Every structure is written in C-alpha cells, then in structure tokens.
Engineer: 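Take a look at this one; I'll ask things after.
Values in this document were obtained by computation on a predicted structure and should not be read as measured data. Below, chain A is the first sequence line, B the second, and so on; all start at residue 1.
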There are 2 protein chains.
Amino acid sequence: MEAALRELVDRIQPVENAWLAKAQARLDALTKPPGSLGRLEELAARFVAIRQVEMPPLPQKRVVVFAADHGVVAEGVSAYPQEVTYQMVYNFLRGGAGINVLARQAGAEVEVVDIGVNHDFHPELPLVHRKVAWGTRNFAREPALSREEALKALWVGVERAREAAQAGVEVLAAGDMGIGNTTAAAALGAVFTGRPVATLTGRGTGIDDQALRHKVAVINRALSLHRVEAADPIGALAAVGGLEIAGIAGLILGAAATRQAFLLDGFIATAGALVAAHLAPTVTDYLIATHRSAEPGHQIMLDALNLKPLLAFHMRLGEGTGAALGMLLLEAGLRIYREMATFAEAGVSEKA
Amino acid sequence: MEAALRELVDRIQPVENAWLAKAQARLDALTKPPGSLGRLEELAARFVAIRQVEMPPLPQKRVVVFAADHGVVAEGVSAYPQEVTYQMVYNFLRGGAGINVLARQAGAEVEVVDIGVNHDFHPELPLVHRKVAWGTRNFAREPALSREEALKALWVGVERAREAAQAGVEVLAAGDMGIGNTTAAAALGAVFTGRPVATLTGRGTGIDDQALRHKVAVINRALSLHRVEAADPIGALAAVGGLEIAGIAGLILGAAATRQAFLLDGFIATAGALVAAHLAPTVTDYLIATHRSAEPGHQIMLDALNLKPLLAFHMRLGEGTGAALGMLLLEAGLRIYREMATFAEAGVSEKA
C-alpha cells in the first residue's frame with residue numbers, strides 16, 4: 001500500500017499560475033474596480049485554476065464526515081463521554097447535527113463514514129461502513145494504530161475522494177466526529193510544526209484549567225514515548241493520530257489527485273492536512289482554509305501550511321461546519337465570476 | 001421635519017438582554033458544546049432579540065441601494081468619471097452588478113433608489129424615484145447640501161425602511177453607488193471619530209499616491225471651511241455628506257424603529273451609521289457589521305460604533321456587497337437555531 005501511496009502522490013500536479021492569471025483577467029473585466037471584491041475574487045480564481053475550466057458551472061459539493069473513537073480518552077482528556085461519538089453518528093443520520101443544517105444551506109451532500117467508532121452499527125444504516133478498528137489504542141501507553149491500520153484508514157479517505165470525483169463532486173470537505181480527537185490533533189500539530197505542545201493544545205469541547213494541564217502532560221509523555229518524527233508522516237499518524245484524521249489526510253490527497261477543491265475545516269481537519277502536506281507538499285494548492293478555530297493551536301497549524309482562513313468565528317464544533325460556511329463563500333466568488341456583467345456588456349466607463 | 005425625526009428617535013428601543021439570554025438558552029440545548037458555534041450563535045441570538053420571537057421563521061431580506069452624485073468630484077478625488085454613477089444604476093436594473101449577483105445568492109430583493117443622481121432617468125424605469133437634488137454641491141467650496149435637503153434625503157431612507165417593514169422584510173441592508181462618495185464618507189468619519197483625516201482617507205476606487213494626498217487636503221480644507229461638529233449630525237451631513245449617505249442614515253433609523261435587523265456594509269454605509277448613531281445611540285443594537293473594508297478608515301469607524309465585522313475580505317466595492325454576504329452568515333446562524341436537534345431530542349449524552 002505504501003507503493004500505491006507513492007503513485008498517488010506523484011499524480012498530484014501544482015495549480016498553474018497561467019490559469020490563475022486567466023481567471024483574474026475575466027474578474028478585472030467585470031463592472032467593479034479591479035480587485036475590489038478581494039477574497040471573493042481569490043476564491044473564484046483558485047477554483048477556476050483547480051478545475052482548468054474557463055467558465056465552470058456552479059459545483060456539486062460534498063462533506064465527508066469521518067467518525068472514530070480514541071483510546072486516549074481513558075486518560076480523562078475530554079469533557080464528554082466516549083459514547084457521544086456513536087450517538088452523534090445517529091444524529092448525523094437523522095439530519096439533526098450542525099453539519100447537516102449548514103450543509104443543507106450550502107446545497108452540499110453529507111456522507112458519514114464509520115472509520116473506527118467503538119460501536120456496532122447495523123449494516124443497513126446509510127453509513128459508509130469502513131471500520132478499520134474499534135477506535136484507536138491509548139497512545140499514552142502504546143501506539144494508537146499499527147502502521148498498517150494507519151495506511152488502511154488513509155486509503156479509506158483516498159477512495160472516498162475518488163468516489164466523489166466519479167459522482168461529479170468538484171468541491172470536497174472533510175468533517176470529523178471523535179471524542180478525544182483534539183488530543184490526537186494537538187499531538188500531530190506539535191510533531192509537524194515543531195512548536196511546544198502547550199501552544200497547540202486547547203480546551204476541545206470545554207475542559208477546565210486542570211484538565212488542560214493534564215492533557216498537555218499526556219501528549220508530551222506520548223511524544224517522548226513514541227519518538228515521533230515529522231519526516232515519517234505515516235509513523236506519526238500511527239503513533240499519536242486517529243482513524244478519522246487518517247481518513248481526512250487521505251481524502252485531501254485523493255481530492256488533489258482528482259483536481260477537486262478542498263475546503264479545509266478546523267483543528268482536526270488541519271491536522272489531517274499537515275499529514276497530507278508532509279506526504280505531498282503540493283496538496284496545499286488545492287486547500288482553501290475556511291475558518292480559524294477557537295482552538296489556539298489552529299492558527300499555528302494554518303501558518304505552517306501557509307493558509308489564511310476566510311472566517312474567524314470562534315467556532316470549535318468540527319464536523320465540517322466551518323467548511324460548509326466556506327462553501328457559501330466560494331459559491332459567492334463563483335457567482336461573481338460567472339454572473340457579473342463586464343464593462344463592455346454594461347456600457348460602463350472604465351477607470352480614467 | 002426635525003420634530004418628526006425626534007419622534008422617530010424616541011421610538012427606538014434597546015434590544016433586551018432577557019431576549020438574548022432566552023435565545024442563548026435554546027442554543028445551549030442543541031447537540032454541540034455550549035458556545036462552540038461562536039459568532040453564528042451570536043447572530044442568531046441577536047436576531048431573536050431584535051424580533052422578540054422565540055422561533056422566528058427564516059427572514060425576508062432586502063438591500064436598498066441609494067445612488068447619488070457628488071459635487072466634490074470636480075476636485076479630482078476619484079479614479080472614475082461621474083457618469084459611472086448613472087451607468088451603474090442601469091447595470092443594477094439589468095441585474096449585472098455585484099450586488100445583484102450576491103443578493104440573488106442570499107435570496108434578498110434589491111431596491112434601487114435615485115436619491116440624487118446627476119442624470120434624468122425615465123419615470124417608468126423600475127427605480128424608486130426620490131431625487132432630492134442632481135447631486136451634491138462641491139463641498140470644497142460650499143456646503144454639499146442645505147440642511148433641508150439633508151433632512152429630506154434622510155427621510156427618504158426612513159420611508160424606505162417603513163415600506164420594507166410593511167412588506168414583511170425583517171433583515172435590511174443599505175448599498176451605495178456614488179462616484180466620489182469615499183471622500184464624503186471620510187470627511188464624516190473624521191467629524192464623528194475625531195481622528196485625523198489622513199487616517200480615515202483611502203484610495204476609494206483606486207487613486208494613486210498623489211491623488212490620495214490631494215484627497216486628504218481637500219477634506220481638511222472643507223472641514224475648516226464649514227466648521228463641522230459631531231454634536232450636529234444633520235449639520236455635518238449637510239456640510240460634507242452625500243445624499244446616499246443621508247438615505248442610509250435614515251434607513252438605519254427606520255430599521256431600528258421597526259425592529260428590523262440591519263446588516264451594515266462597508267465604508268459608506270458605516271458613515272451613514274455614524275450619523276444615525278449620533279442621532280440615536282441605540283441604533284447600534286440593531287446593527288450587524290458584515291465586513292471590514294479595504295479602506296483603512298473603516299476599522300476606525302467600526303471601533304467608534306463598537307462593532308466587530310464578520311468578514312475581512314479586503315472588499316471595497318460598496319453597493320451592499322458585504323451586507324449580502326452577511327445575510328448568508330446570519331441565515332446560517334438562524335438555521336442552526338431553528339433546525340439543530342437538542343441533546344434530549346437526539347438522545348446524546350451531555351457534558352460529564
């Protein structure tokens with residue numbers, strides 16, 4: 001499978017400046033001062049350059065929500081009990097969660113993937129059943145996953161991206177559900193940015209000061225226990241990662257390989273992006289950072305990827321909720337690109 | 001008319017904390033950690049408290065675009081010729097301008113008001129015909145408007161807000177079109193914030209360094225010529241304002257008096273908000289600042305109103321384009337409020 005991964009990585013092409021310039025030329029002909037729609041123009045140009053289509057239709061969108069459990073919750077790092085992971089999966093399937101609401105508004109499909117929930121879902125539930133394990137092991141004591149499990153979970157993500165591309169999806173995002181997953185994401189953030197664990201670790205779903213100090217200590221202990229290195233992204237994912245984070249990393253690689261724009265959600269999704277970018281640096285050409293999470297470490301991780309978030313809404317729910325808002329904004333940029341009149345069409349005088 | 005204005009101002013009630021708390025109680029019962037949807041929750045609570053309705057339907061929205069000309073363009077303060085104002089009005093009517101595109105996405109109506117364009121529009125055009133004057137006079141030499149004209153233009157805005165309320169609109173925004181209007185807005189900004197003109201003056205549609213220095217000098221000269229004072233908002237509006245800015249100020253007062261949420265656009269709209277807030281400080285309870293403009297003075301003006309913008313997209317088009325994006329985000333907050341399942345409904349465990 002590592003050979004297949006190398007082949008996938010080789011297939012990811014950079015986004016071409018010539019396409020960005022072509023898109024900007026149209027934007028500059030529209031009835032507005034050049035550049036006056038700021039980041040909306042940037043979004044439109046990026047999408048055109050990703051798709052390499054001069055007048056793209058409004059895209060089909062999908063949010064793939066990966067759900068998985070985390071053995072490290074045994075250390076008392078979360079404010080919520082582990083069963084919330086599977087309970088929330090049922091909430092997704094009934095359409096009552098935040099991501100369902102925001103995806104409906106954005107006109108995006110929601111696909112829910114059981115990539116490692118510690119619960120037995122009935123096989124007829126409308127889930128993508130891809131359970132790699134019944135949650136990770138407690139990485140405070142042993143590696144979260146074997147290398148094979150990490151790769152297998154990553155590959156689940158790659159295949160979800162391919163399936164989306166085949167279904168005509170052009171804008172993809174990942175969501176996450178997994179009690180304990182900010183602990184894994186902060187650990188990976190520390191590995192890939194080289195910054196102290198304390199700067200990358202936040203309150204997650206809402207732990208108090210004492211639990212926060214404990215969470216930092218748990219991560220620091222795990223990192224010395226496993227001797228994790230940024231140069232081995234799969235090794236890092238296996239040692240202190242999570243199954244949903246592996247799925248997200250794979251989804252990002254698969255999206256870039258199939259030229260889908262990838263709307264990057266918050267803290268957990270960005271941990272996945274760090275893994276993907278350490279396997280294939282070019283994936284960042286396909287990433288649009290949608291929001292800066294309330295988790296203090298998120299900005300550090302976005303900086304490491306050289307991405308500027310669209311929103312800073314103090315959100316920290318995950319599930320892909322920030323990405324769904326980003327879809328509205330990307331669509332706004334594309335509508336501007338497609339629907340605004342040019343100076344010539346409208347008979348408006350240009351700059352003196 | 002000043003008596004009618006006093007009566008209107010007296011009718012504006014503060015938004016009640018009890019309603020904000022009631023809305024937050026529902027938000028806290030939804031299947032997410034409390035507060036984890038950040039500013040989306042803030043938007044929903046604000047709207048509920050403005051409307052005083054426990055489960056508000058998704059609101060009807062309208063953008064009122066006021067168009068007017070500016071005598072001060074004779075001083076060479078703009079990158080575009082004056083005829084662009086009326087040419088853009090035709091573009092609005094054909095649906096080809098930025099605001100048309102973004103309002104369509106947001107599901108908002110666009111109403112175009114000729115409040116003072118230097119052009120003779122056919123009376124059968126689907127405009128709201130309320131021309132107060134054929135543009136302002138050149139305030140570098142004489143007052144832009146008489147006190148009566150300023151009040152008359154303000155009252156046009158009040159009446160557009162009343163008409164909107166009668167039509168069932170609950171979310172209102174103002175847009176602007178007027179070559180030269182960043183000069184008037186910067187002058188008003190300096191009056192109402194007390195900050196130096198140079199810090200409030202930007203490149204508008206795109207003037208160069210020399211023209212920018214000249215623009216600052218023109219405004220400084222006008223402010224000493226007219227001895228403008230913040231304590232007399234109507235006097236300031238008459239001396240260095242604009243007809244569309246007066247209309248916007250009136251629209252804001254009228255929106256607050258009829259309990260419509262007002263989505264505040266960029267630099268020009270915020271100049272109108274400063275006028276309105278100096279007549280009735282309580283209007284800020286009804287304002288949602290949608291974006292921070294690329295005009296450097298905008299943040300100073302937002303700070304003076306104690307408003308935090310939702311977006312910082314480097315936009316500087318006006319027309320209400322930022323407000324239309326804000327409508328998407330407000331709707332996202334309201335959908336969360338209305339459609340998410342509670343912990344009890346979804347059978348999800350609460351915080352330990």
Engineer: Are B:Arg335 and B:Glu331 ion-paired here, with the side-chain N under 4.0 Å from a carboxylate O?
Structural biologist: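 Yes, charged N to carboxylate O under 4.0 Å.
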Engineer: Top residue by heavy-atom pair count (under 4.5 Å) with chain A, among B:Glu319, B:Arg94, B:Gln105?
Structural biologist: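 That would be B:Gln105.
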Engineer: Assess whether salt bridge (Lys or Arg N to Asp or Glu O under 4.0 Å) is satisfied between B:Lys308 and B:Glu42, documenting all intermediate values.
Structural biologist: CA-CA 12 Å; B:Lys308 288 195 202 328; B:Glu42 203 182 296; over 6 Å; no
Engineer: Can you tell which part of A:Phe343 gets under 4.5 Å to a heavy atom of chain B, answering side chain, backbone, both or neither?
Structural biologist: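 Just the side chain, heavy atoms under 4.5 Å.
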Engineer: I'd like to verify something: which residue of A:Ala324, A:Ala312, A:Ser293, A:Gly98 has the highest number of heavy-atom pairs under 4.5 Å with chain B?
Structural biologist: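 Looking at each of A:Ala324, A:Ala312, A:Ser293, A:Gly98 in turn, A:Gly98 comes out on top.
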Engineer: Can you tell me which portion of A:Arg316 sits under 4.5 Å from chain B's heavy atoms? Options are side chain, backbone, both or neither.
Structural biologist: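 Both the backbone and the side chain of A:Arg316 come within 4.5 Å of chain B.
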Engineer: Take atom CG in B:Asp208; do more than 12 heavy atoms of anything else shown fall under 6.0 Å from it?
Structural biologist: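 For B:Asp208, atom CG is crowded (more than 12 foreign heavy atoms under 6.0 Å).
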Engineer: Between A:Leu37 and chain B, with a heavy-atom cut-off of 4.5 Å, which part of the residue counts as in contact: side chain, backbone, both or neither?
Structural biologist: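 For A:Leu37, backbone and side chain are both near chain B.
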Engineer: Select, from A:Gly318, A:Ala332, A:Pro34, the one with the greatest count of heavy-atom pairs under 4.5 Å involving chain B.
Structural biologist: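 Among A:Gly318, A:Ala332, A:Pro34, the one with the most close pairs to chain B is A:Ala332.
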Engineer: What part of A:Leu30 gets within 4.5 angstrom of chain B, counting heavy atoms only: side chain, backbone, both, or neither?
Structural biologist: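 Contact with chain B involves no heavy atom of A:Leu30 at all.
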Engineer: Might you work through the salt bridge (Lys or Arg N to Asp or Glu O under 4.0 Å) test for B:Glu339 and A:Arg104, ending with a clear yes or no?
Structural biologist: CA-CA 10 Å; B:Glu339 299 174 25; A:Arg104 278 198 292 272; 3.0 Å; yes
Engineer: Between chain A and each of B:His314, B:Met340, B:Lys32, count heavy-atom pairs under 4.5 Å; write down the option with the most.
Structural biologist: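 Most heavy-atom pairs within the cutoff with chain A belong to B:Met340.
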Engineer: Pick one of side chain, backbone, both or neither for B:Ala294, based on which atoms fall under 4.5 Å of a heavy atom in chain A.
Structural biologist: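 Neither part.
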Engineer: Pair A:Arg203, A:Asp209 - check salt bridge (Lys or Arg N to Asp or Glu O under 4.0 Å), show working.
Structural biologist: CA-CA 8 Å; A:Arg203 294 175 192 277; A:Asp209 286 354; 2.6 Å; yes
Engineer: Please tell me if the side chains of B:Thr182 and B:Ile268 come closer than 4.5 Å, counting only heavy atoms from C-beta onward.
Structural biologist: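 SC-SC contact between B:Thr182 and B:Ile268 confirmed.
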Engineer: When heavy-atom pairs shorter than 4.5 Å are enumerated against chain A, which of B:Leu311, B:Leu102, B:Thr321, B:Thr342 gives the highest number?
Structural biologist: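 It is B:Leu102.
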Engineer: Among B:Pro33, B:Ala341, B:Gly347, which residue forms the greatest number of heavy-atom pairs with chain A at distances under 4.5 Å?
Structural biologist: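 Of the options given, most contacts go to B:Pro33.
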Engineer: For B:Asp303 and B:Gln299, test the side chains for any donor-to-acceptor distance below 3.5 angstrom and give the result as yes or no.
Structural biologist: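 Indeed, the side chains of B:Asp303 and B:Gln299 share at least one donor-acceptor pair under 3.5 Å.
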Engineer: Quick one: which of B:Ser36, B:Gly96, B:Gly38 has the most heavy-atom pairs under 4.5 Å with chain A, could you say?
Structural biologist: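 The residue among B:Ser36, B:Gly96, B:Gly38 with the greatest pair count is B:Ser36.
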Engineer: May I ask you to test the A:Thr205-B:Lys351 pair for a side-chain heavy-atom distance under 4.5 Å?
Structural biologist: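 Counting from C-beta outward, A:Thr205 and B:Lys351 never come under 4.5 Å.
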Engineer: Parallel under 30°, tilted from 30 to 60°, perpendicular over 60°: which one fits the rings of B:Phe121 and B:Tyr86?
Structural biologist: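 Answer is perpendicular, since the angle exceeds 60°.
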Engineer: Under 4.5 Å from any heavy atom of chain A, what part of B:Leu325 do you find: side chain, backbone, both or neither?
Structural biologist: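 Only the side chain of B:Leu325 comes within 4.5 Å of chain A.
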